[in-house]
Amino acid sequence: MRALALLGLAITALTLPAASGGARAPVGGFAEGVAAGEIRSASALLWTRAPAVGPVRLELARSASFAGASVRQARATAAADRTVTVAVAGLQPGAQYRYRFRQGELVSPAGSFRTAPAPGGDATVRFALSGDADATPAANGKPAFNGFETYARMAAEGNDFNVNLGDTIYSDSGVGGAAPARSVAAKRAKYRLGLALEPLRRLRAAAGLYSHWDDHEFVNDFARAEHGDTLYRAGVRAFRDYAPVAYTSRTGLYRHVRWGRNLELFFLDERSFRSAKATGPCNGDLAPTVPAALRAGFATLAPSLAQPPTAACLEALASPSRTMLGAAQLARFERDLRASTATFKVIVNEVPLQELYVLPYDRWEGYAAERTRLLRLLQEVGNTVVLTTDAHAHMVGELRTGTLSAAPVSTGIWEVVTGPVATNTYGREIDGFLGARGTAGFVTALFFKPPPPRGLGLPCVNVDQYGYAEVVVRARTLTVTPKTAAGRSVVDAGGRPCAPLVLRAG
């Protein structure tokens, strides 16, 4: 029980600076590099930031020599901060392409991408996923956390594509005490900080990259209902300037992408349409859904838990009128997921679906009715897995309801939480908040690892490791391997490498 109380304290938003390396390689011409996004079987969006305002030429070819390249014209404008996104269509499925940009005598680095196989193509597909990357410099001028080595390792995997999932900048980084980046211009500057690091440029040039936001592209724990349209519009504008993505006002960043017969990805937008968090009705209660007997046991460590949560709090958390996705996006997602004929369906998800209990307001737990609806949908469809970032930790676990109750309910659906790339790890947050090293290990051993109802029963957990998840999809299996920034298997709290999660087609 002490472990849960400690976890509750540690989960609060604390940012502790940690000096690390991360040399910024000098580049010339197209300094921010190139990127290919929204890759499909016959189309893609190709991006760069030009050296100057004016005409830009895109060259696209099948060969590294650019022999027989097709040419498209674009224009870099001051209004878009000289960023250029060019839509290309009529591509061949499952084909490798090379591209580059020219402006006058200047030539960009070359990028490459592979188009998705046709929906009937029985191809093995490989990709990596991570997120949570803060490039804000410390007082010494170097990135405060690291040099984005995780991105370099993802690029080295030689994947068909990669996913940069959420908190791709930290608008409100705690490093250096700077004011939050709330304007379009300030957010654009944050994106340029990241692109000054060579590993991110390498990742974007090496293969197609699906980019997605979470809260820190806007501000911590962002909800438009709480923070307003002005901040939302600034975040959307800067993100779309610096990442080639598909966006609509009706469904936000939601999209689904087919990769052959075996894989379809569904990207959920959990910031554009969510209701306000229930923090107000709950008066900031540390753990409102923890069973009463456990709350009473924690009261000596967290006196506020001696009082039961109010009825208004529990009603707000459970209310079906509150939404994470919004009605239009949820309906579209349900329709698309049920219609999918892919063997495996991967849900790319911004915030954890797992029950972590403490301060649940920004996670799916804080939108319990819609969480239940989503879990039922995934069960009905089958062959689904959820990939998530946000928690700054590696956590692999089955999704449940009532995990700490006397009768936990399992769903058979698994979630892999991965990352971060470059920010405080969850372990550092726990140790820093409580002022003692090793506290994170204590919480892991006594809360994350034991099976329900004593704990979360996570077969793989490491709360102090930068890294990513490597995914391989074949005709009958989907395998997810948590990896470190060096490309090795993440070591579980028990001291052994985490076993890959293997989902077999039912």
Side-chain angles (χ1 to χ4, degrees), residues 30-38 44-54 56 58 74-87 101 131-136 163-173 178-197 200-201 204 209-255 267-274 325-326 328-329 348 350 389-390:
F30 290 76
E32 286 75 27
V34 298
E38 302 304 314
L45 299 178
L46 304 182
W47 177 96
T48 194
R49 183 170 186 258
V53 170
V56 177
L58 167 67
R75 186 172 186 84
T77 66
D81 200 30
R82 307 200 311 270
T83 61
V84 175
T85 298
V86 180
F101 293 85
D132 304 292
D134 187 356
T136 305
V163 180
N164 196 12
L165 176 56
D167 297 345
T168 56
I169 59 168
Y170 272 68
S171 292
D172 50 356
S173 173
R182 302 180 68 89
S183 69
V184 174
K187 291 179 184 295
R188 286 168 169 167
K190 287 282 189 177
Y191 287 108
R192 292 195 296 273
L193 276 179
L195 289 169
L197 297 179
L200 178 55
R201 299 196 306 275
R204 287 162 66 103
L209 183 69
Y210 296 97
S211 299
H212 204 81
W213 60 44
D214 189 24
D215 55 334
H216 288 285
E217 285 83 0
F218 304 96
V219 72
N220 185 49
D221 290 356
F222 177 81
R224 188 162 27 159
E226 298 172 60
H227 296 95
D229 280 342
T230 299
L231 182 57
Y232 176 74
R233 287 193 295 268
V236 171
R237 175 65 184 272
F239 183 82
R240 295 181 67 193
D241 282 342
Y242 277 83
V245 295
Y247 169 88
T248 69
S249 60
R250 180 170 174 76
T251 55
L253 273 189
Y254 169 76
R255 65 266 205 222
F267 295 81
L268 301 182
D269 184 343
E270 294 159 15
R271 294 296 165 185
S272 293
F273 311 108
R274 64 159 62 190
L325 301 179
Q329 181 185 186
V348 182
E350 295 172 22
T389 53
D390 181 66

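For reference, positions follow the sequence shown, starting with 1.
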Query raised in the report: Atom OH of Y254 and atom CG of L325: how far apart are they, to the nearest 0.5 Å?
Result: 10.0 Å
Requested in this report: Might you point out which heavy atoms bring T85 and P244 nearest each other, and give the distance in Å?
Outcome: CG2-CB, 4.2 Å
Query raised in the report: Does a side-chain heavy-atom distance below 4.5 Å link F222 with V219?
Result: yes
Query raised in the report: How close do V53 and A78 get, heavy atom to heavy atom, and via which atoms?
Result: CG2-N, 3.7 Å
Query raised in the report: With side chains defined as the heavy atoms from C-beta onward, is the minimum distance between Y242 and S211 less than 4.5 Å?
Result: no
Query raised in the report: How long is the span from the CH2 atom in W47 to the CZ atom in R204, to the nearest 0.5 Å?
Result: 4.5 Å
Report task. Applying side chain to side chain contact (heavy atoms under 4.5 Å, CB included), run through S272 and Q329 and close with a yes or a no. Result -> CA-CA 10 Å; S272 293; Q329 181 185 186; over 6 Å; no
Report task. Could you check H212 against L268 for side chain to side chain contact (heavy atoms under 4.5 Å, CB included), going step by step and ending with a plain yes or no? Result -> CA-CA 9 Å; H212 204 81; L268 301 182; 5.7 Å; no
Report summary line: One should read off an interatomic distance between L165 CG and Y210 OH, to the nearest 0.5 angstrom, of 14.0 Å
Query raised in the report: Roughly how far, to the nearest 0.5 Å, is CG of D214 from CD1 of I169?
Result: 12.0 Å
Query raised in the report: What's the shortest heavy-atom distance between L197 and A135, and which atoms?
Result: CD1-CB, 4.2 Å
Report task. Starting at CG of D215, measure out to CD of E350 and round the result to the nearest 0.5 Å. Result -> 8.5 Å
Query raised in the report: Could R271 and W213 be counted as a cation-pi pair, given that NZ or CZ must be under 6.0 Å from the ring centre and within 45° of the axis?
Result: no
Query raised in the report: Looking at CG of N220 and CG of D167, how far apart are the two atoms once the value is rounded to the nearest 0.5 Å?
Result: 8.5 Å
Query - Test log, rule side chain to side chain contact (heavy atoms under 4.5 Å, CB included), inputs V34 and F101 - result: CA-CA 8 Å; V34 298; F101 293 85; 3.9 Å; yes
Query raised in the report: Closest approach of A246 and L45, non-hydrogen atoms and distance?
Result: N-CD1, 4.5 Å
Query - Nearest heavy atoms of R240 and V245, plus distance in Å - result: CG-CG2, 4.1 Å
**Report entry** Distance-only side-chain donor-acceptor flag, D81 / T83, under 3.5 Å
**Finding:** no
**Report entry** Cation over ring face, R224 and Y232, 6.0 Å, 45°
**Finding:** yes
**Report entry** Test applied, salt bridge (Lys or Arg N to Asp or Glu O under 4.0 Å); reference residue, D241; option that passes from K187, R188, R82, R49
**Finding:** R188
Query raised in the report: What pair of heavy atoms forms the shortest contact from S183 to A234, and how long is it?
Result: C-CB, 4.3 Å
Query raised in the report: Would you say the side chain of H216 lies within less than 4.5 Å of the side chain of D172, judging by non-hydrogen atoms?
Result: yes
